[in-house]
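One structure is given below, encoded as structure tokens.
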There are 2 protein chains.
Amino acid sequence: MTSTDPTPRPAVRPTRQRRAVAAALAGFDDFRSAQEIHDLISQQGESVGLATVYRTLATLADAGEVDMLRNEDGEAIWRSCSDTHHHHLVCRTCGATVEVEGPAVERWTSAIATEHGYADISHTLEIFGTCPACR
Amino acid sequence: MTSTDPTPRPAVRPTRQRRAVAAALAGFDDFRSAQEIHDLISQQGESVGLATVYRTLATLADAGEVDMLRNEDGEAIWRSCSDTHHHHLVCRTCGATVEVEGPAVERWTSAIATEHGYADISHTLEIFGTCPACR
DNA sequence: ACGCTGGTTGAGAACGATTGTCAAACTGGG
DNA sequence: CCCAGTTTGACAATCGTTCTCAACCAGCGT
């Protein structure tokens, strides 16, 4: 085989819209809803459809380039993230976010899961509180 | 004071509808959506409006008598629960649920939060996996 | 540079969960 | 039995998110 390109070739094209979303994500470090991100893009003079924002965020989330989690109302909120596994400490008033790591927690969850015979484990852990500035 | 009834008097009345929701909740031990609970009630011959199911579930959740969490689609799902603080190990295939407790995790989250100056802490922690029966 | 092919986009409709509205029905106390 | 405050239900209204589909654009071979 003459390097028959084994990769399925995702064919993700670098378009103006995707750049705009990436730029918007780079502009803040707390979690924002798709609507807010859409608004931010508009304020930056760009024009990107809301549906496209959703599509792009979903793609980025699949690629592991952004974190997506749900706030207490069940809305999806996103932000760019580091590539290591971590969790978040989020201010429920202003949204200020701190990435935290807890090896012990990771160990605990897999131990618990194994103990009950569960396989293929994943978990969600988010901490909400009021940050110093908002108290 | 002659016991001037300092409580705002919640006046939660035991109605047919509330009993029906409670009965439905007692009928299963995994998490179900409001719609599913509503359907279950119908199948049991009772007739309760969907809005009432939502209202009742919200009330029960406030009272701490049911757990409410969100599945991966962001939908709210409920089930009756024990009264101690705990988390869940949920099978992502069949929904089988195990309540788990992790004092260490509770301690860790509050420690992390305090360390960063966050107050009034709450947290969510759910573990998803494939149960023995579904493997 | 030109045209083709398939990924991408946008506007708006469609959707589905959840909440709000408001008059009618119900509950418990007096 | 009456009254005042709760609760309910049918349905409209929200709201976040996804779908639809024709127009558009990027990369590639010629």
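Below, all heavy atoms of this structure are taken into account, side chains as well, without hydrogens, waters or symmetry copies.
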Note to self: So if I take every side-chain heavy atom of B/Glu75 and compare against D/dT8, C/dT9, C/dA17, which nucleotide ends up nearest?
What the structure shows: C/dA17

Notebook entry, point to check: For the side chain of B/Arg55 and the base of D/dG9, is some donor closer than 3.5 Å to an acceptor across the two?
Noted result: yes

Check: Taking it one step at a time, do B/Ile112 and B/Tyr118 satisfy side chain to side chain contact (heavy atoms under 4.5 Å, CB included)?
Finding: CA-CA 9 Å; B/Ile112 284 287; B/Tyr118 280 57; over 6 Å; no

Item checked: Touch class at under 4.0 angstrom, heavy-atom based, for B/Ser33 against every strand present -> nothing

Note to self: By nearest atom, which of the nucleotides D/dT8, C/dT9, D/dT17 is closest to the A/Gln17 side chain?
What the structure shows: C/dT9

Note to self: Starting the side chain at C-beta, find the nucleotide from C/dA17, C/dT8, D/dT8 nearest to B/Gln35.
What the structure shows: C/dA17

Margin query: Closest approach to the side chain of A/Thr15, judged atom by atom: which nucleotide of C/dT18, D/dG16, C/dT8 is it?
Written below: C/dT8

Check: Counting just side-chain N and O atoms, does A/Arg16 come under 4.0 Å of either OP1 or OP2 of D/dA26?
Finding: no

Next item on the list: Measure from the side chain of A/Thr52, starting at C-beta and using heavy atoms only, and say which of D/dG9, C/dT9, D/dT8 lies closest.
Entry: C/dT9

Note to self: If you only use heavy atoms from C-beta on, which nucleotide in C/dA17, D/dT8, D/dT17 is closest to the side chain of A/Ala34?
What the structure shows: D/dT17

Next item on the list: Name the closest nucleotide to the A/Leu50 side chain, picking from C/dA17, D/dT17, D/dG9.
Entry: D/dT17

Notebook entry, point to check: Considering only D/dT8, C/dG12, D/dG16, which nucleotide approaches the side chain of A/Ala51 most closely?
Noted result: C/dG12

Check: Whole-Å distance between D/dG16 P and A/Tyr54 OH?
Finding: 7 Å

Margin query: Do the side chains of A/Glu75 and A/Arg70 get close enough for a salt bridge, i.e. N-O under 4.0 angstrom?
Written below: no

Notebook entry, point to check: Angle class for the A/His123/A/His87 ring planes (parallel below 30°, perpendicular above 60°, tilted otherwise)?
Noted result: tilted

Check: Whole-Å distance between C/dT9 P and A/Leu57 CG?
Finding: 12 Å

